[in-house]
A.B. asks: 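My structure is below; once you've seen it, I'll send some questions.
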Amino acid sequence: MKKNVLITGGTGFVGKYLTAELLKKGYSVSILTRNSRPDTDGVSYYIWDVSRQQMEEAAILNTDYIIHLAGENIADKKWTSKRKEEIRDSRIDSAKLIYSVLKKNNKQVEAFVSASGIGYYGAMKGEGICTENTLPADDFIGKVCQEWEKSADLMAGLGIRTVKIRTGMVLGREGGVVKKLAPIFKRGLGSALGSGKQYMPWIHVHDLCRMYIEAIENKNMSGAFNATINDSTTNLSFVKALASCLGRPLWLPNIPSLFIRIGLGEMADIVLTGRRVSSDKIKKLGFRFQFKGLKKALKDCLKTTLAVSNQ
Ligand SMILES: NC(=O)c1ccc[n+]([C@@H]2O[C@H](COP(=O)([O-])OP(=O)(O)OC[C@H]3O[C@@H](n4cnc5c(N)ncnc54)[C@H](OP(=O)(O)O)[C@@H]3O)[C@@H](O)[C@H]2O)c1
């Protein structure tokens, strides 16, 4: 019988690619979502309501692995205190709900894999490279990532192998930064942000999905792993590469930090600060990234449309 993978937030940018990759590999997929939709070939949908701590428990009782991607998008809306709560609760209270259902039913899964972010490390000045042992930041995103990972570790307390994927900026055609920026850059209106010197570790969505699949299949994986290409892409080198891949000039001056801070408030940290992040730990387990060069990754994002089955 096919093994089943339950993906929370599987309807999102990463979840859609991951679903397609898992189906290709012969898994069946269940998705926990807030909005019901008809099942499709190989994909079943289950409903949950994290704020009410309710879910269709069959999603968990019938699965072999859980991948926890759900969370309010951190870049969608300005960070008011209400929005901050939504960003936090959608990640942490959802993990706690999964934990309570696993515990109540004495259900074991083969692995629990949770998304996390390289925002765990906060902003770093200078050339230091963060490894999985680098201490977390005490800004908003750093604290959310710590709590998110701590809630994932509840599953480890049930004897379940638990992996946390500290993800960099994900590049893919169907979502994230490329989808947002490509239309602006196509019109020749792109520019760097702030000093442009802030590091922007990235990963192609195809490699990220391969890493998630490695995390469920490789019994030697547990704990935190950085998911980024270990190069020294900065905001300026990123926007130059994007403009060049689209055949457009980059002629506008950098947008001053002050304007961005006035517009975005605290959320400006996402785009104005950065850090370098090492992926040596996953490489030491034998994992090889297929998209290592930024231009190759961007060209692929700009030309391919992966078949996604659960749109
Ligand atoms: N994309 C990136 O560059 C990046 C980088 C670092 C980390 N990550 C993390 O990786 C995960 C997946 O990223 P993504 O880009 O695929 O995100 P996404 O496109 O925003 O999708 C996230 C999914 O989470 C679910 N969700 C949102 N709010 C929720 C809530 N209040 N309660 C329950 N579920 C909720 C939604 O599913 P339904 O609408 O079906 O309920 C949504 O489709 C996220 O946790 C994100 O923070 C992403």
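Numbers for residues simply follow the sequence, beginning at 1. For the numbers below, each heavy atom of this structure counts, side chains included, while hydrogens, waters and symmetry mates do not. Numbering of ligands and ligand atoms starts at 1, following listing order.
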A.B. asks: Think R248 forms a cation-pi with F185, using NZ or CZ under 6.0 Å from the six-ring centre and within 45 degrees of its axis?
C.D. replies: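 No, R248 does not sit over the ring of F185.
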A.B. asks: Are a donor atom and an acceptor atom from the side chains of Q290 and H206 found within less than 3.5 Å of each other?
C.D. replies: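 Note: Q290 and H206 side chains meet the donor-acceptor criterion.
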A.B. asks: I'd like to check atom 17 (O) of ligand 1 in this structure: does the protein have a heavy atom lying under 4.0 Å from it?
C.D. replies: no
A.B. asks: Looking only at protein heavy atoms, identify the closest one to atom 22 (C) of ligand 1 and say how far it is in Å.
C.D. replies: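 Protein heavy atom with the smallest distance to atom 22 (C) of ligand 1: G71 O, 3.6 Å.
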A.B. asks: In the protein, which heavy atom is nearest to atom 10 (O) of ligand 1, and how far is it?
C.D. replies: A115 CB, 3.7 Å
A.B. asks: Looking only at protein heavy atoms, identify the closest one to atom 20 (O) of ligand 1 and say how far it is in Å.
C.D. replies: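 The answer is N73 ND2, 3.2 Å.
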A.B. asks: Relative to Y27, does K3 satisfy both conditions: NZ or CZ under 6.0 angstrom from the six-membered ring centre, and within 45 degrees of the ring's axis?
C.D. replies: no
A.B. asks: Can you find an N or O of T167 that's nearer than 3.5 Å to an N or O of ligand 1?
C.D. replies: no
A.B. asks: Indicate yes or no: does an N/O atom of G12 lie under 3.5 Å from an N/O atom of ligand 1?
C.D. replies: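 It does: an N or O of G12 is found under 3.5 Å from an N or O of ligand 1.
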A.B. asks: Tell me the protein heavy atom at minimum distance from atom 31 (N) of ligand 1, and give that distance in Å.
C.D. replies: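 The answer is E72 OE2, 2.8 Å.
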A.B. asks: Which heavy atom of the protein is the closest neighbour of atom 43 (O) of ligand 1, given with residue, atom name and distance?
C.D. replies: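 Answer for atom 43 (O) of ligand 1: T11 OG1, 2.9 Å.
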A.B. asks: List the closest protein heavy-atom neighbour of atom 2 (C) of ligand 1: residue, atom name, distance to the nearest 0.1 Å.
C.D. replies: V170 CG2, 3.3 Å
A.B. asks: Ligand 1 versus R91, non-hydrogen atoms closer than 4.0 Å: side chain, backbone, both, neither?
C.D. replies: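 Answer for R91: side chain.
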A.B. asks: Below the 3.5 angstrom mark, is there an N/O of G117, backbone or side chain, next to an N/O of ligand 1?
C.D. replies: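 Checking ligand 1 against G117, no N or O pair falls under 3.5 Å apart.
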A.B. asks: Decide if the gap between the ring center of F291 and the ring center of F289 is smaller than 6.0 angstrom.
C.D. replies: no
A.B. asks: If you have a sec, work out which protein heavy atom is nearest atom 39 (O) of ligand 1 and how many Å separate them, to one decimal?
C.D. replies: R34 NH2, 2.8 Å
A.B. asks: Within less than 4.0 angstrom of ligand 1, does S116 place any heavy atom?
C.D. replies: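 Contact check S116 vs ligand 1: positive.
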A.B. asks: Do L189 and L193 share a hydrophobic cluster (ILVMFWY, side-chain heavy atoms under 4.5 Å, transitive)?
C.D. replies: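 No, separate clusters.
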A.B. asks: Could you tell me whether ligand 1 has any atom less than 4.0 Å away from a heavy atom of G10?
C.D. replies: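 No, G10 has no heavy atom closer than 4.0 Å to ligand 1.
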A.B. asks: Answer with yes or no whether the hydrophobic clustering places Y120 together with L208; edges join I, L, V, M, F, W, Y residues whose side-chain heavy atoms lie under 4.5 Å apart.
C.D. replies: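 Different clusters.
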A.B. asks: Polar contacts were defined as any N/O atom of the residue lying under 3.5 Å from an N/O atom of the ligand; does this apply to T33 and ligand 1?
C.D. replies: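 Yes, there is a polar N/O contact under 3.5 Å.
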A.B. asks: Checking contacts here: is it the side chain or the backbone of W148 that comes within 4.0 Å of ligand 1, counting heavy atoms only? Could be both or neither.
C.D. replies: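 For W148, only side-chain atoms sit under 4.0 Å from ligand 1.
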A.B. asks: So is S90 polar-close to ligand 1, meaning N/O to N/O under 3.5 Å?
C.D. replies: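 No, there is no polar N/O contact under 3.5 Å.
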A.B. asks: Count I, L, V, M, F, W, Y as connected when their side-chain heavy atoms are under 4.5 Å apart, and connections chain through other members. Are V14 and I213 then in the same cluster?
C.D. replies: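 Both belong to a single hydrophobic cluster.
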A.B. asks: Distance to 0.1 Å, residue and atom name: give those for the protein heavy atom nearest to atom 13 (O) of ligand 1.
C.D. replies: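 Nearest neighbour among protein heavy atoms for atom 13 (O) of ligand 1, to 0.1 Å: V14 CG2, 3.9 Å.
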A.B. asks: With only distance considered, is M169 within less than 3.5 Å of ligand 1 through an N or O on each side?
C.D. replies: no
A.B. asks: Who are the side chain to side chain contact (heavy atoms under 4.5 Å, CB included) partners of R52, not counting sequence neighbours?
C.D. replies: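 Result, side chain to side chain contact (heavy atoms under 4.5 Å, CB included) vs R52: D49, Q54.
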A.B. asks: Checking K84 against F140: charged group under 6.0 Å from the ring centre and within 45 degrees of the axis?
C.D. replies: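 Yes, cation above the ring, under 6.0 Å and within 45°.
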A.B. asks: Would R275 pass as a cation-pi partner of Y199, given that its NZ or CZ must be under 6.0 Å from the six-membered ring centre and within 45 degrees of the axis?
C.D. replies: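 Geometry flag: not set, cation outside 6.0 Å or 45°.
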A.B. asks: Identify whether I229 and L302 are in the same connected component of the hydrophobic contact network (ILVMFWY, side-chain heavy atoms under 4.5 Å).
C.D. replies: yes
A.B. asks: Other than M1, what residues sit in its cluster of Ile, Leu, Val, Met, Phe, Trp and Tyr side chains whose heavy atoms are under 4.5 Å apart, directly or through others?
C.D. replies: none
A.B. asks: Return the option from L69, N35, D89 holding the heavy atom at the smallest distance from atom 12 (C) of ligand 1.
C.D. replies: L69
